[in-house]
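Each ligand, and each atom within it, is numbered from 1 in the order the structure gives. The analysis underlying the following values was restricted to heavy atoms, covering all of them including side chains, and did not include hydrogens, waters or symmetry mates.
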Amino acid sequence: MRLRDQFLTAVGATALCVGLTLPAFAEVTEQDILNDANTPGDVVTYGLGPQAQRFSPLKTLNRDNIKGLVPAYSFSFGGEKQRGQESQALVKDGVLYVTGSYSRMYAIDSRTGDKLWEYNARLPEGILPCCDVVNRGAALYKDKVYFGTLDAKLVALDQKTGKVVWRKDIDDFKAGYSYTAAPIIVKGKIITGVSGGEFGVIGRVEARDAETGEVVWKRPVIEGHVGELNGKPSTMTGKVNETWPGDTWKFGGGATWLGGTYDPESNLVYFGTGNPGPWNSALRPGDNKWTASRLAINPDNGEIVWGFQTTPHDGWDFDGVNEFVPFDMQKDGKTVKAGGTADRNGFFYVLDRTNGKFISATPFVNKINWAKGIDQNGRPIYDEAFRPGDPAKSEDGKKGKSVFAVPSFLGGKNWMPVAYSPDTKLFYVPSNEWGMDIWNEPVSYKKGAAYLGAGFTIKPVFEDHIGSLKAIDPASGKTVWEYKNKAPLWAGVLTTAGNLVFTGTPEGFLKAFDAKTGEEVWKFQVGTGVVASPITWEQDGEQWVGVAAGWGGAVPLWGGEVAKSTAGINQGGSFWAFKLPKTVAAR
Ligand code: CA
Ligand code: CA
């Protein structure tokens with residue numbers, strides 16, 4: 001008997017007796033994906049829509065009745081494997097899909113929290129995830145659910161059973177490749193990037209046929225490398241040695257580790273690219289394209305349509321991977337087809353999403369010192385006093401001049417996604433206020449070994465807080481309100497038409513704020529740090545909110561002095577679901 005049938009036999013009779021609705025395992029269509037942002041009964045994409053605005057039109061739940069939001073269930077990921085839970089769940093017709101640390105996935109009944117199936121990737125010895133064993137989410141399409149694993153494989157599972165339909169190598173985990181982002185589905189293709197930027201891997205974006213897993217195109221992001229289309233070499237990215245000297249482009253980094261967004265209107269996918277390899281910038285004079293950049297790629301053939309480099313010749317690990325969120329901006333009485341992105345380097349950028357033209361950049365964290373500002377072309381005005389020195393110029397040749405640079409390499413904002421509300425016209429940015437001592441050291445490329453040539457210690461810049469959730473007006477760059485958190489913020493953000501903003505804290509709270517004023521209106525302690533992205537959906541006429549819980553991620557591993565602010569926070573691994581009961585909503 002197949003699992004699905006067993007499940008129906010076991011649960012069916014009981015469910016019918018008490019009048020419950022059974023999970024339907026409905027297929028997800030292209031239209032479901034494109035319309036996700038407008039259909040609050042499901043969440044079928046990472047970001048609540050391919051544009052990843054993380055805005056729900058639901059307004060049943062609002063700042064006045066949110067005190068009635070109560071837990072419905074907590075589903076445990078089980079086992080001894082805990083660490084960081086950074087996943088955003090998906091939910092469709094009564095089934096909720098959530099990934100866990102160590103490359104696990106669960107399908108649960110979205111009403112009851114009952115487990116339907118569980119998939120555990122068998123991970124080999126010697127995987128090389130840089131920044132905890134996290135996974136950020138899955139993708140749904142037709143009858144399958146997809147996710148990537150820490151040993152750099154992409155897996156397609158049968159939605160109904162959790163059985164493997166296909167499993168493909170993204171790349172060689174022994175060379176430092178891994179995978180943690182949520183894949184995106186565009187026109188029947190599954191589009192992914194790669195992780196491994198600290199190991200000198202070459203970043204790329206690639207598309208596969210979602211049915212078969214066969215590669216359709218590959219686009220390396222470093223100049224000099226040649227792409228692939230339908231099994232044949234396609235075009236070269238840029239030109240050899242244009243912005244990289246000698247052989248440096250061969251191990252140039254630019255990992256595309258945070259996944260992408262898609263704008264159906266301009267038919268472009270947007271991916272960010274990570275730091276150049278190595279971190280030591282003295283070893284690679286030039287702009288080092290396309291590292292620390294945003295790229296717009298044609299999803300049909302993998303050609304780069306435009307590129308915008310936020311940190312040319314990066315020397316601080318300011319990965320340019322942060323999500324590029326398409327939105328329409330009103331400025332000077334006109335509608336601008338814009339995209340917004342809060343960069344690791346501390347500046348919030350607005351670009352024309354159709355052509356990559358620079359519109360504005362404004363600081364969203366305090367005390368930035370590596371750049372004095374951004375010029376009219378979008379290029380940083382560097383302050384060379386805050387670039388770590390060349391070790392070759394030091395007395396013993398082993399350690400270059402150390403500088404205290406702000407923000408730290410974990411960024412003004414790291415991976416945790418922003419939300420944009422078309423109601424308030426504000427971006428909600430989870431940021432951190434910190435700096436770092438950073439110095440350079442000699443290094444040469446060795447397969448599977450860290451390719452940094454740098455040392456560092458992160459330190460806070462304020463005494464009372466590190467985390468800072470900011471509401472930013474993209475038209476002016478001004479911060480409209482700010483919520484300060486003692487520990488670093490590491491969770492994604494969600495906003496709703498009910499004038500609410502949700503995010504989590506390492507201290508264990510899922511919190512809600514008034515979207516217009518920033519007033520904290522609700523919180524719930526889940527018993528471990530929250531570093532995941534919350535979702536909301538409507539089910540049986542009630543509004544639900546859900547979030548994965550489990551402390552971990554890069555901060556406890558790399559946070560230096562800042563990691564002290566989170567010492568003693570317990571690990572975990574669970575999915576919490578909350579709802580506003582009908583009786584409360586009707587009051
Ligand atoms: Ca939807
Ligand atoms: Ca990096």
(message) I'd like to know if the side chain of Glu86 reaches the main chain of Met416, judged simply by a donor and an acceptor atom lying under 3.5 Å from each other, with no hydrogens or angles considered.
(response) no

(message) So that I can check it, does any N, O or S atom in Asn35 come closer than 3.0 Å to the Ca ion (ligand 1)?
(response) no

(message) For the metal site, I want the angle between atom OD1 of Asp317 and atom OD1 of Asn275 with the Ca ion (ligand 2) at the apex, to 10°.
(response) 80°

(request) Round to 10° and report the angle made at the Ca ion (ligand 1) by O of Asp42 and O of Thr39. (result) 80°

(message) Could you identify the N, O or S atom of Glu198 positioned closest to the Ca ion (ligand 2)?
(response) OE2

(request) Please check if the distance between the ring centroids of Trp370 and Tyr382 is under 6.0 Å. (result) yes

(request) Applying salt bridge (charged side-chain N to carboxylate O under 4.0 Å, His left out) between Asp171 and each of Lys153, Arg204, Lys218, report the one that passes. (result) Arg204

(message) Using 30° and 60° as the class boundaries, would you call the ring planes of Phe409 and Trp558 parallel, tilted or perpendicular?
(response) perpendicular

(message) Taking 3.0 Å as the cut-off, does Asp32 contribute an N, O or S atom near the Ca ion (ligand 1), distance below it?
(response) no

(message) I'd like to know whether Asp437 forms a side chain to side chain donor-acceptor pair (under 3.5 Å) with Ser402, so could you lay out the CA-CA distance, the side-chain angles of the two residues, the decisive distance to 0.1 Å, and finally the verdict.
(response) CA-CA 6 Å; Asp437 288 326; Ser402 181; 4.8 Å; no

